[in-house]
Amino acid sequence: MPFEPLDQYLQRKKKLAEVKALGDDPYPHKFEQSSTPAQIVAAHARSHAASFETERVNVRTAGRILTLRLHGKAGFAHIQGDGARLQLYVKLDAVGERTFRLFQLLDMGDIVGISGHLFRTKTNELTVWVDTLKLLSKALLPLPEKWHGLADVELRHRQRYVDLIVNSRVRVTFLRRAEILRGLRAFFDARGYIEVETPMMQTIAGGAAARPFITHHNTFDLDLYLRIAPELYLKRLLVGGLDRVYEINRNFRNEGVSSEHNPEFTMLEFYQAYSDYRDLMALTEELFASLAQKICGSTQVTFGEHKLDFSRWQRLSMREAIVLHWPPDAAPSPSSADLAAPGGPRAIAVRYNEWRQRQVLLPSAAPPVPLLDVSSMSDGEITGLLFETLAEPKLIQPTLLYDFPTDISPLAKCRPDDTSLVERFEVFVAGMELGNAFSELNDPEEQERRFREQVARGGEEVPREVDLDYIRALSYGLPPAAGMGIGIDRLTMLFTDSHSIREVILFPLLRPQADSNQ
RNA sequence: AGGGGCGUAGCUCAGUGGCAGAGCAGCGGCCUUUUAAGCCGUUGGUCGUGGGUUCGACCCCCACCGCCCCUACCA
């Protein structure tokens, strides 16, 4: 099917026919490279022009034509391969009439294989003096304009293949994402974890609170959920004696899309038996610091206007964070004890709302922010909401936030000294939630009680039934354990200085376009 | 979901209630060390879609579609 721009598409089809008429196959099966353009550029970056004259360096390489400058009976081109650009010089005298004719039929975007030797031009650019030239694949569609490239964000994401060709930063971002994944695997492999894969289609979407996607299996005539978390399966494996496991894979949540949310996203989850959340706090600090060092070459990472320092971590309880980030002009700020008192969070939320309403009346009023609706919430839920409203966006430097309310943590173990709190922490960096960890609740009766409460309370983000098989697994005995989930997309954002999750997902979800031919 | 912004040639972008524009890409020509190559000539438009106002709409109004930002949702 021809695509727009039609005139250029047809023009290139014509050239394709001419190439065939020359006796060349425009889509040959393979081409042996002696080295890639990137390897050639790297190996000879500092070679002098004179050295090429005394000792000839022959190369055989391939790539996509990105620039083309014809000068009558000679011409220059740049090919891009393996992430680098290499200049070619093609001269009628050197290649002969037939090959030169082929060269004249080439367009930007075509993929070619060449052989020749290296030299430096008058302007000292490393260049291949081409002896032979072969078309390896014809581009029937033109590349975007060479100065500005492809800037339209929507087009970049819809046609990521073009984005990758013309925007080198995109390539770097995704290479770095792969490095991050390798680094994570190396970190856990070295510590005796085994990598596992658990179901992504589940009959009960548990392990988190989120609206699931529904799909259907025909043979079993069975509705299934795409998983929202692997948590309950990974803990079953701990019951089975796999004491250290991790999984890196996709989760699916049928919720909003934003610069920090994509409906399918990649999570690392890992579990470690005979440990508690304090062990994971230490492990988290080590993991992030070593990964930053490995990926970015330093524990200091530039993210927008911020310099994130992964060698120094702040540890805050949720209540401390609320106190710390209470708006100064809404003084007096509450104390942690106020937040701990029964009914305290509600009273503080009311105070916050009163302050907000006064703000709206000021002449310099910012756009109105909805007041907190805490009418049907428990103290723990209100505490969580206060934290998210007041403190979360302010947590720029790496922070471990701990002491979560039990109400909002159905899978975590309570603190022995205070059952209103659980042994749980989250990782916050650059105002984003990066990770979530806790000491795993392993008392089957308490777990069942909390599940039943959850199901009874209902809501779209809660499973409709209790995962009784999980309770059965716990009944065989789950060793004391701690587990954690880390959002890989957001982690990649941090380490690539990307400010939208869509920049670190190759094909983010976009609405299909009615007219796909553009 | 609500508010705001954007949508003009393949790409990057100007534009005005009165003939639809530029650069690059494309096409033809000249050019054997150029690199944003250059010079001469030239093709290409449902101005996101559909209504409305108007003598006349790319422009003003309404609805819809898509993207971006903020808010909401999101443990």
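In what follows, chains are A, B, ... by sequence order, proteins preceding strands, each numbered from 1.
With C1' as the reference atom, B/A22 and B/C47 are 16 Å apart, rounded to whole Å. B/G44 and B/G10 have their C1' atoms separated by 10 Å, with the value rounded to a whole Å. Comparing the C1' positions of B/A36 and B/C55 gives a spacing of 47 Å, expressed to the nearest Å.
The side chain of A/K15 approaches B/C27 more closely than any other nucleotide in the set B/C70, B/C27, B/A75. Of the candidates B/C11, B/U34, B/G10, the closest approach to any side-chain atom of A/E4 belongs to B/G10. Picking from B/A25, B/C11, B/A75 the nucleotide with the shortest atom distance to the side chain of A/R424 gives B/A75.
Nucleotide B/C73 has no partner under the Watson-Crick or G-U criteria, as no pair reaches both atom distances under 3.5 Å. Across all strands shown, B/G41 is found opposite B/C27 as a Watson-Crick or G-U wobble partner, with both distances under 3.5 Å. Look at B/G18: its Watson-Crick or wobble partner, with both distances under 3.5 angstrom, is B/C55. In this entry B/C6 has B/G66 as its Watson-Crick or G-U wobble partner, both defining distances falling under 3.5 Å. Under the Watson-Crick or G-U wobble criterion, with both distances below 3.5 Å, B/A36 is left unpaired in every strand shown. Using N1 to N3 plus N6-O4 or O6-N4 for Watson-Crick, or N1-O2 and O6-N3 for G-U wobble, each under 3.5 Å, B/C47 pairs with nothing.
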Pairs under 3.5 angstrom only: tabulate donor-acceptor contacts from the side chains of residues 88-99 of chain A to other protein residues two or more places apart or in another chain.
from	atom 1	to	atom 2	distance (Å)
A/R98	NE	A/L22	O	3.3
A/R98	NH2	A/L22	O	2.8
A/R98	NH2	A/D24	OD1	2.3

Output a table of donor-acceptor pairs, distance under 3.5 Å, between side-chain atoms of residues 251-258 of chain A and any protein atom two or more places apart or on a different chain; print 'none' if there are none.
from	atom 1	to	atom 2	distance (Å)
A/N251	OD1	A/R227	NE	3.1
A/R253	NE	A/I228	O	3.2
A/R253	NH2	A/I228	O	2.9
A/E255	OE2	A/R211	N	2.9
A/S258	OG	A/E260	N	3.0
A/S258	OG	A/H261	N	3.3
A/S258	OG	A/H261	ND1	2.8

Please list, one pair per line, the donor and acceptor atoms closer than 3.5 Å that link side chains of residues 146-154 of chain A to other protein atoms, with sequence neighbours excluded.
from	atom 1	to	atom 2	distance (Å)
A/H148	ND1	A/E145	OE1	2.7
A/H148	ND1	A/E145	OE2	3.3
A/D152	OD1	A/E154	N	3.2
A/D152	OD1	A/L155	N	2.8
A/E154	OE2	A/R158	NE	3.1
A/E154	OE2	A/R158	NH2	3.1
A/E154	OE2	A/Q513	NE2	3.1

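Heavy-atom nearest nucleotides on RNA chain B were determined for A/H148 and for A/E433, and the one closer to the 5' end corresponds to A/H148. For the pair A/A74 and A/A209, both in contact range of RNA chain B, the more 5′-proximal nearest nucleotide belongs to A/A74.
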Every protein N/O within reach of nucleotides 2-6 of chain B N/O, cut-off under 3.5 Å:
none

Legend entry - CA sep, side-chain torsions, deciding dist, call: A/D407, A/S378, side-chain hydrogen bond (donor to acceptor under 3.5 Å, both in side chains): CA-CA 7 Å; A/D407 310 359; A/S378 69; 2.5 Å; yes
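When the ring-ring contact (aromatic ring centres under 6.0 Å, His included) test is applied to A/F438, no partner is found at least two apart in sequence or on another chain. The ring-ring contact (aromatic ring centres under 6.0 Å, His included) test applied to A/F425 returns no partner, not counting sequence neighbours.
Across all strands shown, A/L70 has heavy atoms under 4.0 Å from base atoms, whether or not it also approaches the sugar-phosphate.
A donor-acceptor contact shorter than 3.5 Å is absent between the side chain of A/T399 and the backbone of A/L401.
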